K.L.:
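Okay, handing you the structure first.
To find a chain, count down the sequence lines: A is the first, B the second, and so on, and within it residues start at 1. Keep in mind that this is a model prediction, so the values were computed, not measured.
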2 protein chains.
Amino acid sequence: MGKPKPGSARGEGRADRGLTSLHQRILSDIQGNIMSGRWEPGQRIPVEHELMLQYGCSRMTVNKVLTQLAREGIIERRRKVGSFVCRPQSQSAILPIADIKLEVEALGLPYRFEILQRHKRRATRADRTLLRAEEALPMLELVCRHFAKDEPFCDEYRLINLQAVPGAAAEDFSLISPGAWLLRQVPWNEAENRIRASGAAPDVAARLKIKSGSPCLIVERTTRSMAAAPITFVRLTYPGNLHELVATFTALTSATK
Amino acid sequence: MGKPKPGSARGEGRADRGLTSLHQRILSDIQGNIMSGRWEPGQRIPVEHELMLQYGCSRMTVNKVLTQLAREGIIERRRKVGSFVCRPQSQSAILPIADIKLEVEALGLPYRFEILQRHKRRATRADRTLLRAEEALPMLELVCRHFAKDEPFCDEYRLINLQAVPGAAAEDFSLISPGAWLLRQVPWNEAENRIRASGAAPDVAARLKIKSGSPCLIVERTTRSMAAAPITFVRLTYPGNLHELVATFTALTSATK
DNA sequence: CAGTGGTCTAGACCACTTC
DNA sequence: AAGTGGTCTAGACCACTGA
């Protein structure tokens, strides 16, 4: 029972650590042991009961920590056997997908964009492939050009599924770019991104004022709502040395043994 | 409430939902409300006490769920005020960084690699920039070529900090590629990745058997151990249309209001 | 000062897995 | 059968913060 003096027990704990919660301290301890390599991949870590004694706390407290670590993929838990340090399998980078306006402004340059083409039509077979859709949905096709100062920064080719986002038909995108507008309309979505290098196609090269065939970074993104309807396809073409994607680390792990 | 017969209360809950835990059900309910847009960004969600009554469970149970959602950035919690749906700010893509061997084998082609150059030396100023290091560390410089079947697939230029990974000096990388070897040596690390398109430099073009200046996807990665020592720098050059990076979604959120 | 979340307890029962 | 984790309870005290 909490009877004897739960207060005093917690009081001690607090005094011990001063600032952070007991959770945090246990979590940091274990993470430190793993990240530094003191606990190697595959190694078994103390069971809940041991940690409970070691930190003088209840089982729920250590359980919370271990559950969290398991959710992050740092450890793997197996009933009756114990918890084990996962072995990092591959790495994965987290690539921020900022609005182009923000990308340009991050360079300290003034941003503007213009709509070059706009067509309403039914999805062709090619459109359906790009959108990962089966039906001949009503579509809006846009070609758009983004500038940093007065230089073309990025060429945008976009398809919007008007069935999923009917409002797009009435929006002229004079004040807000299609990408930013869509993000506001459908806040929670998921996307598949494909990144490659390729020579600029003639039409794109003309719009970007570069030579046809010169190296470009191409980002293609197919977006669907969490409810699974395809929303939009976009192909962004950045002139070669003008743009760089920067992503930070993450280690992905695999179950061990 | 739970008082009369906690066991039966849980029994009911279990029967209600059949398979998953109460946690999971509450979590899914709330996530569903948010992702579908029923609960809009910025909106306040029920407080713990309400959810507790709604699901007939203890406060710890709903607290666990809300804490988890807050950790994932789906909601923001503020004392005395309540919990609010976050507003997705930007998106970010998760880019898997697989071993090149796996990339090639995923294409169904046989993989091999060869070491073309290998030099031991002290870090030059240029090396230090790439490695994000200040000192003139002892370094191993490698040039390596990866094949898919008999075609060059990727050119690798690598610097290894021998102070952080002394074992590299004795390893000849005949059986295991430098990248895979390093991942085994320093399992937990963090990295910064830079991705860009560029024309192939003459020496790289020669090694890849492509024309100088033809479009290439370039991935540069600087890796450090969690303990902060720089480990390695690598520049991977993929011939343009030979390679594509694929990343899946994620929505990043920002605090609301 | 009162509402809200943050953290913690001392149990309890159950499920799963290996022995 | 026993060890281990998975989940849950019915409280408790505290800290913060807005009215």
Side-chain angles (χ1 to χ4, degrees), chain A residues 1-28 30 44-71 74-84 255 257, chain B residues 1-28 30 44-71 74-84 255 257:
Chain A
M1 233 72 338
K3 262 357 118 15
K5 35 186 174 161
S8 84
R10 290 193 57 227
E12 282 183 70
R14 287 255 163 106
D16 270 4
R17 62 180 182 272
L19 299 157
T20 59
S21 66
L22 185 48
H23 277 150
Q24 266 311 318
R25 198 183 122 210
I26 302 178
L27 190 80
S28 308
I30 296 179
R44 178 176 161 166
I45 73 174
V47 299
E48 296 188 351
H49 194 72
E50 292 175 271
L51 290 170
M52 196 174 132
L53 296 176
Q54 180 178 333
Y55 288 96
C57 65
S58 76
R59 195 183 142 218
M60 266 246 67
T61 303
V62 302
N63 178 280
K64 205 167 165 177
V65 171
L66 295 183
T67 300
Q68 170 65 10
L69 286 169
R71 197 159 28 219
I74 310 284
I75 65 172
E76 185 204 13
R77 315 201 68 191
R78 290 163 61 195
R79 282 172 173 157
K80 160 73 183 176
V81 192
S83 302
F84 299 83
K257 185 162 292 179
Chain B
M1 261 334 80
K3 198 42 79 30
K5 35 186 170 162
S8 84
R10 288 191 61 226
E12 280 182 72
R14 287 255 164 108
D16 270 5
R17 62 179 184 271
L19 300 158
T20 59
S21 65
L22 184 48
H23 276 149
Q24 266 311 317
R25 198 184 124 209
I26 302 177
L27 191 80
S28 307
I30 296 178
R44 178 175 162 168
I45 74 174
V47 298
E48 295 188 352
H49 195 72
E50 292 175 271
L51 290 170
M52 196 174 133
L53 296 176
Q54 180 178 332
Y55 288 96
C57 65
S58 75
R59 195 184 144 217
M60 266 247 66
T61 303
V62 302
N63 178 279
K64 204 167 166 179
V65 171
L66 295 183
T67 300
Q68 170 64 11
L69 287 169
R71 198 163 22 221
I74 311 283
I75 64 172
E76 186 203 13
R77 315 201 69 191
R78 290 162 61 193
R79 282 174 173 158
K80 160 74 183 175
V81 192
S83 303
F84 300 82
K257 183 162 295 179

K.L.:
May I ask you to evaluate whether A:R77 reaches the phosphate of D:dG5, defined as a side-chain N or O under 4.0 Å from OP1 or OP2?
P.N.:
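Checking D:dG5 against A:R77, a side-chain N or O does come within under 4.0 Å of OP1 or OP2.
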
K.L.:
Find which nucleotide of DNA chain D each of B:S58 and A:R44 is nearest to by heavy atoms, and output the residue with the more 5' nucleotide.
P.N.:
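Upstream on the strand: A:R44.
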
K.L.:
For a side-chain contact (heavy atoms from CB on, under 4.5 Å) with B:V65, tell me which candidate from B:I75, B:L27, B:L51 qualifies.
P.N.:
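Exactly one pass, corresponding to B:L27.
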
K.L.:
Among the nucleotides C:dG5, C:dT9, C:dA2, which one has an atom lying closest to any side-chain atom of B:S83?
P.N.:
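Output: C:dG5.
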
K.L.:
Considering just the side-chain nitrogens and oxygens of B:H23, establish if one lies under 4.0 Å of OP1 or OP2 belonging to D:dG6.
P.N.:
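No.
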
K.L.:
By nearest atom, which of the nucleotides C:dG5, C:dT18, D:dT9 is closest to the B:C57 side chain?
P.N.:
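It is D:dT9.
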
K.L.:
Among D:dG6, D:dT4, D:dC8, which nucleotide sits nearest the side chain of B:L22?
P.N.:
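The listed nucleotide nearest to B:L22's side chain is D:dC8.
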
K.L.:
Please determine whether a side-chain nitrogen of the Lys or Arg among B:K64 and B:E48 lies less than 4.0 Å from a carboxylate oxygen of the Asp or Glu.
P.N.:
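The answer is no: the pair does not qualify as a salt bridge.
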
K.L.:
Examine D:dT7: is either OP1 or OP2 under 4.0 Å from a nitrogen or oxygen in the side chain of B:T61? Give yes or no.
P.N.:
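Negative; the distance criterion is not met.
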
K.L.:
Please determine, for the side chain of A:R78, which listed nucleotide (C:dT18, C:dG6, D:dT9) has the closest atom?
P.N.:
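Ranking C:dT18, C:dG6, D:dT9 by closest atom to the A:R78 side chain puts C:dT18 first.
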
K.L.:
A:R79 has a side chain; which of C:dG5, C:dC16, D:dT7 sits nearest to it?
P.N.:
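Per side-chain heavy atoms of A:R79, the pick is C:dC16.
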
K.L.:
Given D:dA2, D:dC8, C:dA2, identify the nucleotide with an atom nearest to the side chain of B:K80.
P.N.:
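Given the options D:dA2, D:dC8, C:dA2, the side chain of B:K80 is closest to C:dA2.
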
K.L.:
Determine whether the side chains of B:R77 and B:S83 contain a donor N or O and an acceptor N or O closer than 3.5 Å.
P.N.:
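Note: B:R77 and B:S83 side chains meet the donor-acceptor criterion.
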
K.L.:
Of the options C:dG5, C:dA2, D:dG6, whose atoms approach the side-chain atoms of A:T67 most closely?
P.N.:
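Among the listed nucleotides, the one closest to the side chain of A:T67 is D:dG6.
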
K.L.:
Measure from the side-chain heavy atoms of B:R59 and tell me the nearest of C:dG11, C:dG6, C:dC8.
P.N.:
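Nearest to the side chain of B:R59 among the choices is C:dG6.
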
K.L.:
Starting from the 5' end of DNA chain D, give me the residue, A:V81 or A:N63, whose nearest nucleotide shows up first.
P.N.:
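With A:V81 and A:N63 compared, the 5'-side residue is A:V81.
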
